[in-house]
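Data block below; observations after.
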Amino acid sequence: MQFETLPGFREFYPEACARRNHIFSQWRKVARAFNFSEYDAPVLEPLELYIEKSGEEIVGQLFNFEDRGGRAVAMRPEMTPSLARLVGAKANGLKRPIKWFNIGEHYRYERPQKGRLRAFYQYNVDIFGEAGPGADAELIALLVQALQAFGLAVADFKVRLSDRDLWLLMLAAEGLDSDASAAVLGIVDKLERMDREKAVEKLCPIVGDEADAFLSRIEAVIAIRDFDTLSAHMRSLASEGDIADQIVARLQEWQELLKRLNAAGAGEFIQIDLGIVRGLAYYTGFVFEAFEASGAGRALAGGGRYDALVKKLGGPEMPAVGFAMGDVTLADLLDSKGLTANYVQSPDFIAIIGGAEARDAAMADSAVIRSMGYTVEYPLKDQSFGKQFKEANNKGARFALIYGSDEIEKGVFKLRDFASGAEKEFPRDALAEVIPELIASGLES
RNA sequence: GUGGCUAUAGCUCAGUUGGUUAGAGCAUCGGCUUGUGGUGCCGAGGGUCGCGGGUUCGAAUCCCGUUAGCCACCCCA
């Protein structure tokens, strides 16, 4: 019986695994650089947790089943609900702002395609307990740095920045109530992939005959790429009254956000783009998505404010902002940019063994070197010198430790530096002193 | 869930109008006397031609179905 991997699931042979771990280590390094703490949560959760957050429709996209205790459970499709529960449960005892991150596998029952599998890793980074734009700025700066850590630069990616608050104010100024506004945002989210005629058709029941002109105004807003234009546009919508005041206040938060992003060195990656609103309705303020610079492909990462979610899932009132980045799209991008390093792992030393007595010496010395934290390997069966050297080269070893009958007799080992070709004998007694020097500076020819 | 393309060795691919025992390169393993390097030379293993059915004297090749992969749509937390 031959078994195959389930559709959308991956196996990680050593090279792929090394590459995956490289991605993880960069993610972890950047999160730690911003002093975020790593947490983890169960892979299997009550189905209800996801229904509560996303609605009944979500079930069709989950790996869910009934466990032996009759509980309806699901493999986690995302981290946010679990995280909201963790934070909610301890909210009163946690020092704020709460800055946490996680790297974990997630599962979605969807048709696999480019940049999307059924099991994938996500980097989740969140800040809780800080309502001001400082938290948004910190998070976006972290996102930018996380992508830069892989060698991606301004020419490679951008972060499209938008704001649901500003949209709601704009739509309120148009005279729409909150339901109508939500419906319009749902359409804005799909505008990029929708025919103009179809969009007008969809807007008709909401804004009436005026739909075409209304859409034109929306398109004008989406085309805005700089803050001054955005600011002027927003101010022109309402000159006085409640909405005007809110617009002014919100624009100040925008200024603060942009100022901080510039100060953090992330400014050049930011592209104002109100076309981003992010589908599901729980986002409440600034929202953003990272894309390949040309805008092609799926989003590399996405996030934003979700000030109401912790409470919705049973916790206290808790402002929150976070983003998630997937490993699949990221790895695809790194491949296409030629930034996928060769992650083959090579040993520092390979022992070349000339006989039974030599093997004992080589193994004893290897034990010492290994305890110092360096990598040593030797052939597990006796082989000719020629073959052993060839092998050492294939494996990319930096040094050969040569143990032949001559060396054993003299109580030495011969060291060969493959880069320089230089060879030198060292007394075996001096092994522990010699090794760190060799690692540091090699052997001169 | 819908549609398009694809499927031959571990990988990349040949394989004639349907015709004998399905090939190559790379990779793997072994050898080229147990003292020196990614080359070189010799050799070996490895295939139910995705799977199932059909047409035919005969199918990797033609037809139908199915599964998987890729791509697009739907969706994208």
Side-chain angles (χ1 to χ4, degrees), chain A residues 2-11 13 15 45 49-55 57-62 74 76-84 106-118 120 122 124 186 189-190 192-195 276-283 287 289 297-299 301-304 306 309 312-313 322-324 326 328-329 332 344 346 350-359 379 381-408 413-423 425:
Chain A
Q2 187 116 37
F3 294 104
E4 286 174 3
T5 320
L6 254 15
F9 283 73
R10 287 171 290 178
E11 292 167 307
Y13 283 85
E15 205 173 319
E45 290 276 18
L49 179 64
Y50 303 112
I51 296 177
E52 183 63 29
K53 188 208 159 205
S54 307
E57 320 79 64
I58 195 72
V59 178
Q61 319 253 35
L62 298 177
R76 63 181 180 204
E78 58 168 327
M79 190 50 104
T80 309
S82 307
L83 172 60
H106 295 78
Y107 310 88
R108 295 179 187 176
Y109 197 88
E110 297 178 291
R111 172 81 59 121
Q113 56 185 269
K114 191 173 182 60
R116 185 168 80 183
L117 299 172
R118 287 182 173 177
F120 53 93
Q122 250 187 16
N124 273 264
D189 185 45
K190 295 185 169 57
E192 237 173 72
R193 309 182 290 272
M194 202 189 283
D195 291 341
I276 299 286
V277 295
R278 293 190 61 74
L280 271 265
Y282 70 87
Y283 283 106
V287 289
E289 292 185 351
R298 313 179 72 80
Y306 51 102
L309 189 66
K312 185 180 181 191
L313 292 177
F323 75 81
V328 182
T329 333
D332 283 352
V344 174
S346 305
I350 281 194
I352 309 289
I353 294 173
E357 205 182 338
R359 180 172 292 275
K381 62 178 183 187
D382 293 339
Q383 287 178 319
S384 74
F385 269 64
K387 195 167 188 82
Q388 290 188 63
F389 273 98
K390 197 172 280 192
E391 196 61 27
N393 236 268
N394 275 327
K395 292 192 171 168
R398 188 172 169 206
F399 300 104
L401 298 162
I402 303 163
Y403 294 87
S405 45
D406 296 353
E407 287 82 4
I408 296 301
F413 63 89
K414 188 185 280 177
L415 185 119
R416 182 177 181 86
D417 183 329
F418 280 116
S420 64
E423 285 188 1
E425 288 185 353

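Model, not experiment: these values are computed from the prediction. In what follows, chains carry the letters A, B, and so on, assigned in the order in which the sequence lines appear, proteins first and then strands, with residues in each chain numbered from 1.
The side chain of A:Lys190 lies closest to B:rC75 when the candidates are B:rG37, B:rA72, B:rC75. Checking B:rG37, B:rG35, B:rC75 against every side-chain atom of A:Glu110, the shortest atom distance belongs to B:rC75.
Using a 4.0 Å heavy-atom cutoff across all strands shown, A:Gly421 reaches at least one base atom of the nucleic acid. Across all strands, A:Gln61 comes closer than 4.0 Å to base atoms (heavy-atom distances). Note on A:Tyr50: nothing from the nucleic acid sits closer than 4.0 angstrom, heavy atoms only. Residue-level contact check: A:Gly8 touches the backbone only, with heavy atoms under 4.0 Å from sugar-phosphate atoms and none from bases. The residue A:Pro7 sits close only to the backbone: its heavy atoms come under 4.0 Å of sugar-phosphate atoms, none of a base. At a threshold of 4.0 angstrom between heavy atoms, the contacts of A:Ser405 include nucleobase atoms, whether or not backbone atoms are also involved.
Looking only at distances, a side-chain donor or acceptor of A:Gln388 sits under 3.5 Å from a matching main-chain atom of A:Gln383. A donor-acceptor pair is defined here as one N or O able to donate and one able to accept, closer than 3.5 Å; such a pair exists between the side chain of A:Glu407 and the backbone of A:Gly404. Of the possible polar contacts, none joining the A:Arg108 side chain to the A:Gln61 backbone as a donor-acceptor pair under 3.5 Å is found.
Heavy atoms only, all atoms of each residue included: A:Gly115 and A:Thr329 are closest at O-OG1, 3.8 Å. Annotation for A:Arg416 and A:Gly421: closest pair NH1-O, 3.5 Å, computed over non-hydrogen atoms.
For the P atoms, the distance from B:rU17 to B:rC74 is 42 Å, rounded to whole Å. Nucleotides B:rG31 and B:rG45 place their P atoms 16 Å apart, quoted to the nearest Å. When the P atom is compared between B:rU6 and B:rG43, the two are found 39 Å apart, to the nearest whole Å. As rounded to the nearest Å, B:rG3 and B:rU8 have P atoms that lie 24 Å from one another. Comparing the same atom, C1', in B:rG50 and in B:rC70 gives a spacing of 15 Å after rounding to whole Å. The C1' atoms of B:rC26 and B:rC63 are separated by 36 Å, rounded to the nearest whole Å. The same atom, P, is picked in B:rA59 and in B:rU16; the two are 16 Å apart, to the nearest Å. Rounded to the nearest Å, the gap between the C1' atom of B:rU21 and that of B:rU48 is 16 Å.
Residue-to-nucleotide contacts include no donor-acceptor pair under 3.5 Å from the side chain of A:Lys387 to the base of B:rU36. If you check distances only, the side chain of A:Arg116 does reach the base of B:rC75 with a donor-acceptor pair under 3.5 Å. A:Glu407 contributes a side-chain N or O that forms a donor-acceptor pair with the base of B:rG35 under 3.5 Å. One can find a donor-acceptor pair under 3.5 Å joining the base of B:rC76 and the side-chain atoms of A:Arg298. With hydrogens and angles left out, the side chain of A:Gln388 and the base of B:rU34 share no donor-acceptor pair within 3.5 Å. Side-chain atoms of A:Arg278 and base atoms of B:rA77 include no donor and acceptor less than 3.5 Å apart.
Going from atom NZ of A:Lys414 over to atom P of B:rG37 covers 13 Å, rounded to whole Å. Here the C1' atom of nucleotide B:rA68 and the CZ atom of A:Arg118 are 11 Å apart, to the nearest Å. Atom NZ of A:Lys312 is separated from atom P of B:rA77 by 14 Å (rounded to the nearest Å). With rounding to whole Å, A:Tyr107 atom OH is found 19 Å from B:rC76 atom C1'. The separation between A:Ile352 atom CD1 and B:rG35 atom P is 13 Å, rounded to whole Å. Atom-to-atom, NZ of A:Lys390 to P of B:rU39 comes out at 7 Å; the value is rounded to the nearest Å.
The partner of B:rU34 is absent, by the rule that a Watson-Crick or G-U pair needs both atom distances under 3.5 Å. Pair assignment for B:rG3: B:rC71, on the basis of Watson-Crick or G-U wobble contacts that are both within less than 3.5 Å. Using Watson-Crick or G-U wobble geometry with both donor-acceptor distances under 3.5 Å, B:rG47 finds no partner in any strand shown. For B:rG52, the paired base is B:rC64 (Watson-Crick or G-U wobble, both distances below 3.5 Å). Pair assignment for B:rC11 gives B:rG25, based on Watson-Crick or G-U wobble hydrogen-bonding distances that are each under 3.5 Å.
Taking the nucleotide of RNA chain B with the nearest heavy atom to each of A:Ile58 and A:Lys395, the more 5' of the two is matched to A:Lys395.
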Intermediate values then yes/no, side chain to side chain contact (heavy atoms under 4.5 Å, CB included), A:His106 and A:Asn124: CA-CA 11 Å; A:His106 295 78; A:Asn124 273 264; 4.1 Å; yes

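Note on A:Lys114: every side-chain N or O is 4.0 Å or more away from OP1 and OP2 of B:rC70. Remark: A:Lys381 is in phosphate contact with B:rG30, judged by side-chain N or O atoms under 4.0 Å from OP1 or OP2. In this model, the phosphate group of B:rC73 is not approached by any side-chain N or O of A:Arg193 to a distance below 4.0 Å at OP1 or OP2.
Under the 6.0 Å distance and 45° angle rule, A:Arg118 counts as a cation-pi partner of A:Tyr109.
A perpendicular orientation is assigned to the rings of A:Tyr306 and A:Tyr282, their planes being inclined by more than 60° (bins at 30° and 60°).
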